[in-house]
Protein chains: 2
Amino acid sequence: MSVQTPNVFEAMQDDLDLVRDRVAVAAHVDFPIVSELVEGIVQAGGKKLRPLLLLLAGRAFSYDRPRLVTAAAGVELLHTASLVHDDSIDRASIRRGQPTLNSRLSSGSVILIGDFLFAQSAILAAATESTRVVAIFANTLASICDGQLREMLGAHNLQQDRQEYLDRIFGKTASLFAGAAEMGAVLGGAAEPQIQQFRAFGKDLGMAFQIVDDVLDLREMSRDLGKPAGNDLRQGVVTLPTMIYVSRLEAGSPETDVLARVIAGEEESDDEILEVVLAIRRSGALDEASDIAHGYLDSARASLSVVEEPETREWLEELLDLAIRRSA
Amino acid sequence: MSVQTPNVFEAMQDDLDLVRDRVAVAAHVDFPIVSELVEGIVQAGGKKLRPLLLLLAGRAFSYDRPRLVTAAAGVELLHTASLVHDDSIDRASIRRGQPTLNSRLSSGSVILIGDFLFAQSAILAAATESTRVVAIFANTLASICDGQLREMLGAHNLQQDRQEYLDRIFGKTASLFAGAAEMGAVLGGAAEPQIQQFRAFGKDLGMAFQIVDDVLDLREMSRDLGKPAGNDLRQGVVTLPTMIYVSRLEAGSPETDVLARVIAGEEESDDEILEVVLAIRRSGALDEASDIAHGYLDSARASLSVVEEPETREWLEELLDLAIRRSA
């Protein structure tokens with residue numbers, strides 16, 4: 001990409017601002033302390049990759065701004081609601097550089113605030129007046145829960161195959177990228193094969209995004225993702241790099257032994273976790289996992305043949321770069 | 001009512017069975033232990049008042065069975081999802097005579113299972129292919145969360161006015177009765193004024209239902225509601241009978257003092273709670289609260305003038321009786 005490439009965020013800034021405003025209005029709660037905390041989480045935002053994907057998927061066909069902005073706000077709010085529950089489950093204390101709700105409120109309040117944000121996101125989906133968008137939306141929420149349940153119930157178990165990992169990250173992460181792209185194409189009035197190709201694009205982008213995230217969790221020791229490195233190991237969650245690392249170890253070796261204890265939650269000292277992190281890095285497993293992520297990106301790029309308008313295609317390609325450049 | 005009155009549950013049993021089957025399929029999760037527990041909660045069911053109300057509201061106009069059954073299953077599942085989170089928040093151990101999910105699973109799993117059930121209920125709402133039904137559905141979920149948040153954030157505070165109580169029980173309970181009635185009338189093809197009258201009917205029924213529930217919590221010492229008497233006091237929740245009782249006490253009296261300590265959570269011994277329960281009973285506050293519940297029932301009954309078909313009207317009147325006869 002040349003340096004002259006227009007930045008997709010700059011180009012879409014006005015519409016992203018509209019999305020942000022819709023989210024802020026929808027997330028408003030009528031209780032002083034809670035309201036302030038929820039606004040903090042919402043305003044801190046993330047990279048807004050999901051609403052941007054939805055808007056661009058619509059732009060590839062017919063750009064019905066009001067409905068696309070509404071759906072994009074719904075997607076962003078669904079993501080936020082999911083993070084609120086997720087942080088509560090993980091007992092995380094920092095997210096997006098802000099204190100999490102669960103670090104400031106009772107667990108009961110956090111559950112209800114997450115539910116409230118789910119409800120508001122569903123109201124936005126319904127406001128598109130497309131039953132198909134609502135159906136995609138509801139199915140996406142079900143997939144997210146399924147992926148998170150798989151992660152939780154599969155934790156602390158080193159014996160997992162790669163398909164289980166892929167199913168899990170599809171649910172937890174890629175399903176919302178897939179759903180966002182599909183909703184955008186539906187609202188843009190795309191034909192069915194184009195809608196499916198956009199869905200595939202979103203799914204591949206989301207898979208790459210999550211694998212990169214899992215690599216970053218082991219690659220960076222101190223970084224601005226709002227959670228400590230080796231967090232997955234600490235939670236007993238087996239990710240792709242760890243699976244690759246395990247496949248290279250001999251059964252019964254000291255390395256297998258310490259990893260098994262860390263995953264089982266029997267050993268949680270920072271020193272032991274650091275030891276495992278360093279061993280995974282030395283093994284080359286991070287590069288192999290990154291290669292797999294790049295495979296998904298290549299597949300996503302191939303799906304973009306469906307986009308005839310050159311500017312939108314360029315911006316969607318930028319999104320692919322953003323998915324892997326997050327470490328910078 | 002004469003003893004010959006056909007029982008509404010018997011008359012509607014076939015359709016309620018269809019609803020139960022739809023709920024069971026939707027609530028199926030792919031994890032052995034979790035699946036068994038969720039099925040237990042779903043099968044135990046409750047009185048199915050909400051799906052029944054939705055079906056009858058449709059029957060008052062044009063009975064489109066497939067869509068009404070789908071929406072009724074969505075309403076029942078939304079209610080179940082809400083109970084799952086509610087039990088987790090209250091740390092309840094028994095519901096519908098079954099162990100609650102949170103008594104058997106980690107709090108994280110329970111949050112995710114509740115979210116999964118919300119998602120499935122939204123999928124059912126979307127399957128009606130009515131954007132209006134979906135919008136009612138999403139707004140109802142928002143109202144439920146709002147009511148529950150108000151209850152939680154307003155707990156442990158004796159200084160509340162009656163309007164706060166009414167807003168709270170509308171959100172927590174009556175909003176779903178109102179939404180169920182509205183969805184049924186919409187799917188039945190009713191005209192707008194009739195839809196609004198049905199919504200008012202559902203709301204009034206729900207208000208009466210919750211007030212009766214709050215009275216029962218103080219009236220019965222040992223009963224089959226799956227929670228101990230005086231539970232609201234123990235949770236610091238101020239309900240209508242307690243408000244009426246307070247209004248009759250002199251400020252600074254010993255009775256006010258012990259009540260204030262119980263509500264504040266400073267005094268949680270069974271003896272002190274029993275003392276307050278007995279004092280509320282002696283004060284006549286339960287009868288006064290029951291009278292208010294009957295006022296809502298009268299208002300609901302008046303709304304039934306909209307129903308021309310005599311059998312359906314009779315069954316809807318039966319629902320009103322069921323709302324207050326639960327103590328039997």
Side-chain angles (χ1 to χ4, degrees), chain A residues 26 29-34 74 78 81-82 84-86 88-91 105-155 167, chain B residues 26 29-34 74 78 81-82 84-86 88-91 105-155 167:
Chain A
V29 274
D30 214 10
F31 309 99
I33 307 161
V34 175
L78 176 60
S82 166
V84 165
H85 278 181
D86 215 25
S88 171
I89 293 164
D90 293 349
R91 298 191 175 77
L105 298 171
S106 73
S107 67
S109 304
V110 177
I111 294 173
L112 289 175
I113 291 167
D115 290 351
F116 177 79
L117 296 176
F118 277 128
Q120 294 300 326
S121 69
I123 289 173
L124 288 164
T128 65
E129 301 214 318
S130 158
T131 52
R132 173 135 183 209
V133 163
V134 171
I136 298 166
F137 189 88
N139 279 292
T140 301
L141 174 55
S143 291
I144 294 172
C145 297
D146 182 75
Q148 290 177 325
L149 269 173
R150 282 178 196 280
E151 178 172 301
M152 172 171 294
L153 301 173
D167 289 347
Chain B
V29 275
D30 213 9
F31 309 99
I33 308 161
V34 175
L78 176 60
S82 167
V84 165
H85 277 181
D86 216 25
S88 172
I89 292 164
D90 292 349
R91 296 189 177 78
L105 298 171
S106 72
S107 68
S109 304
V110 177
I111 294 173
L112 289 175
I113 291 167
D115 289 351
F116 177 80
L117 296 176
F118 277 129
Q120 294 300 328
S121 68
I123 289 174
L124 287 165
T128 64
E129 302 215 315
S130 159
T131 52
R132 172 134 183 210
V133 163
V134 171
I136 297 167
F137 189 88
N139 279 293
T140 301
L141 173 54
S143 291
I144 294 172
C145 298
D146 182 75
Q148 289 176 325
L149 270 173
R150 281 178 196 280
E151 178 173 300
M152 172 172 293
L153 300 173
D167 289 347

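Keep in mind that what you see is a predicted model, and the values were worked out from it rather than measured. The chains referred to below are lettered A, B, ... by the order of the sequence lines, with proteins before strands, and numbering in each begins at 1.
- In this structure, chain A has no heavy atom under 4.5 Å from any part of Asp86(B).
- Between chain B and the options Val29(A), Leu153(A), Ile123(A), heavy-atom pairs under 4.5 Å are most frequent for Ile123(A).
- The choice from Gln120(A), His85(A), Glu129(A) that makes the most heavy-atom pairs within less than 4.5 Å of chain B is His85(A).
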Side-chain donor-acceptor contacts of residues 134-143 of chain A below 3.5 Å, not counting sequence neighbours, with atom names and distances?
unit_1, atom_1, unit_2, atom_2, d
Asn139(A), ND2, Ala135(A), O, 2.8
Thr140(A), OG1, Ile136(A), O, 2.7
Ser143(A), OG, Asn139(A), O, 3.2

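- Only the side chain of Ser106(B) comes within less than 4.5 Å of a heavy atom in chain A; its backbone stays farther off.
- For Phe116(B), the ring-ring contact (aromatic ring centres under 6.0 Å, His included) test picks out no residue, with sequence neighbours left out.
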Walk me through it: do Met152(A) and Leu112(B) pass the test side chain to side chain contact (heavy atoms under 4.5 Å, CB included)? CA-CA 9 Å; Met152(A) 172 171 294; Leu112(B) 289 175; 4.1 Å; yes
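- Heavy atoms closer than 4.5 Å to chain A are found in both the backbone and the side chain of Ser109(B).
- Annotation: the span from Cys145(B) atom SG to Ile113(A) atom CD1 amounts to 10.0 Å, rounded to 0.5 Å.
- Of the two parts of Leu149(B), the backbone and the side chain both hold a non-hydrogen atom closer than 4.5 Å to a non-hydrogen atom of chain A.
- Between Thr131(A) and Ser130(B), the closest heavy-atom pair is CG2-N, 4.0 Å.
- For Arg132(B), no part lies under 4.5 angstrom from a heavy atom of chain A.
- Among Ile144(A), Ile89(A), Val110(A), Val133(A), the residue making the largest number of heavy-atom pairs under 4.5 Å with chain B is Ile89(A).
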